[in-house]
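Remember, predicted model here, so these are calculated numbers, not experimental data. What you see below is based on every heavy atom in this structure, not just the backbone, and it leaves out hydrogens, waters and symmetry mates. Sequence lines set the chain letters: A, B, ... in the order given, protein chains first and strands last, and positions in each chain run from 1.
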2 protein chains.
Amino acid sequence: MTADTLSRTFAALADPTRRDIVARLSVGDATVNQLAEPYAMSLQAVYKHLRVLEEAGVVSRPPGPQPRSVRLETGPLNVMDEWIEQYRRRAEQRYQRLDRVLAELDDEEPEA
Amino acid sequence: MTADTLSRTFAALADPTRRDIVARLSVGDATVNQLAEPYAMSLQAVYKHLRVLEEAGVVSRPPGPQPRSVRLETGPLNVMDEWIEQYRRRAEQRYQRLDRVLAELDDEEPEA
DNA sequence: TTGTCTTTCAACCACATAGTTGAAAGGCTG
DNA sequence: CAGCCTTTCAACTATGTGGTTGAAAGACAA
């Protein structure tokens, strides 16, 4: 456990296969075999992807009977979302303020 | 150019230094020297980080006089945000539906 | 033009990651 | 128990990444 949650979550979703898995889990829980079915890669590779998602907390595998189901957890997605929103909003407000200032300058000196 | 925009954006923000740079740019544009100042790493390393952010479109460096300013772009943040929101919302709605079903079962068979 | 600051390029190192294969445990079920 | 399916572990390969240093271009000011 070296990197923080945010780093692990972003890194987990940087891989297209893992984003695809997340997309499919948003529809409903699935077994590993069901998740692995569409891919050409080995089953072990899918398990590796799941472990990355699990260590980021994006996915959980509740204990239970042998074909353990995989479930999407929304906690880390929320954290990530808040992070992005915070800075995105800050930047956009800044740009809007700038736009207003430029508009005022236009009013003061039309066709200058 | 191998990975898609979404992969590059997630990967770009998986690094704490780059997230820190984004956070600081949300307050206002900055020069590379200003951005590099807080870090122990070499200036070239900061340039590398900026290139990663730039190739993801998270940051732009508009042409101009020599100390070129770095600016935060909100486009990729929006795209990423929409991606996350889509699946986060889908999963949460599913869980809420499940909660309702369980509550109904409780109503039908109290203390069963 | 010369000097200085900014920016980029190249080579290198250590380490992580995505994938493979093979083998070993674990856990149900006949 | 025996067997099958699921899950994990280990070793290995290829490639990417974050950092370094050194050097070369580029751009501006004196």
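- One atom, CG of B:L35, and another, C1' of C:dT7, lie 14 Å apart when rounded to the nearest Å.
- Using bins of under 30°, 30° to 60° and over 60° for the plane-to-plane angle, the ring pair B:F10/A:F10 lands in the tilted bin.
- Residue B:R8 places no side-chain N or O under 4.0 Å from the OP1 or OP2 atom of D:dT17.
- Atom pair A:F10:CZ and D:dT17:C1' shows a separation of 18 Å (rounding to whole Å applied).
- In terms of phosphate contacts, A:S42 brings no side-chain nitrogen or oxygen within less than 4.0 Å of OP1 or OP2 of C:dG19.
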Report each atom pair, protein N/O against N/O of nucleotides 26-30 of chain D, whose distance is under 3.5 angstrom.
{"from": "D:dA27", "atom 1": "O4'", "to": "B:Q66", "atom 2": "NE2", "distance (Å)": "2.6"}

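- OP1 or OP2 of D:dT6 has at least one side-chain nitrogen or oxygen of A:N33 nearer than 4.0 Å.
- Comparing D:dT8, C:dG19, D:dG19 against the side chain of A:H49 picks out C:dG19 as the nearest.
- With A:D29 as the partner, the side chain to side chain donor-acceptor pair (under 3.5 Å) test is satisfied by one option alone out of A:R71, A:Q34, A:R68: A:R71.
- Taking atom NZ on B:K48 and atom P on C:dT8, their separation rounds to 13 Å, with Å as the unit.
- Two different hydrophobic clusters hold B:V52 and A:I84 under the rule that ILVMFWY side chains link at heavy-atom gaps under 4.5 Å.
- Contacts of A:R51 with the nucleic acid, taken as non-hydrogen atoms under 4.0 Å apart, are absent.
- The residues A:E85 and A:R88 are annotated as salt-bridged, a charged nitrogen and a carboxylate oxygen being separated by less than 4.0 angstrom.
- Minimum heavy-atom separation, B:H49 to B:I21: CB-CD1, 4.4 Å.
- Contacts between residues 13-25 of chain A and DNA chain C, defined by a heavy-atom separation under 4.0 Å, are made by A:D15, A:R18.
- A donor N or O paired with an acceptor N or O is not found under 3.5 Å between the base of D:dG18 and the side-chain atoms of B:Q44.
- The heavy-atom pair separating A:S26 from B:R90 by the smallest distance is OG-NE, 3.1 Å.
- Under the side-chain contact (heavy atoms from CB on, under 4.5 Å) test applied with B:L25, the options B:L35, B:V58, B:L53 reduce to a single match, B:L35.
- Comparing B:P67 and A:L43 against DNA chain C, the residue whose closest nucleotide sits nearer the 5' end is B:P67.
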**Message:** Show, in sequence, the C-alpha distance, side-chain angles and deciding distance for A:L77 and B:E92, and conclude whether the side-chain contact (heavy atoms from CB on, under 4.5 Å) test is met.
**Reply:** CA-CA 11 Å; A:L77 297 186; B:E92 283 183 351; over 6 Å; no
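- Contact check, B:Y47 against C:dT8: no side-chain N or O comes under 4.0 Å of OP1 or OP2.
- Whole-Å rounding puts the A:M41 CE to C:dT20 P distance at 7 Å.
- In this structure, the side chains of A:T9 and A:V79 stay at 4.5 Å or more apart for every pair of heavy atoms.
- Distances shown here put every side-chain N or O of A:R68 at or beyond 4.0 Å from the OP1 or OP2 atom of C:dG26.
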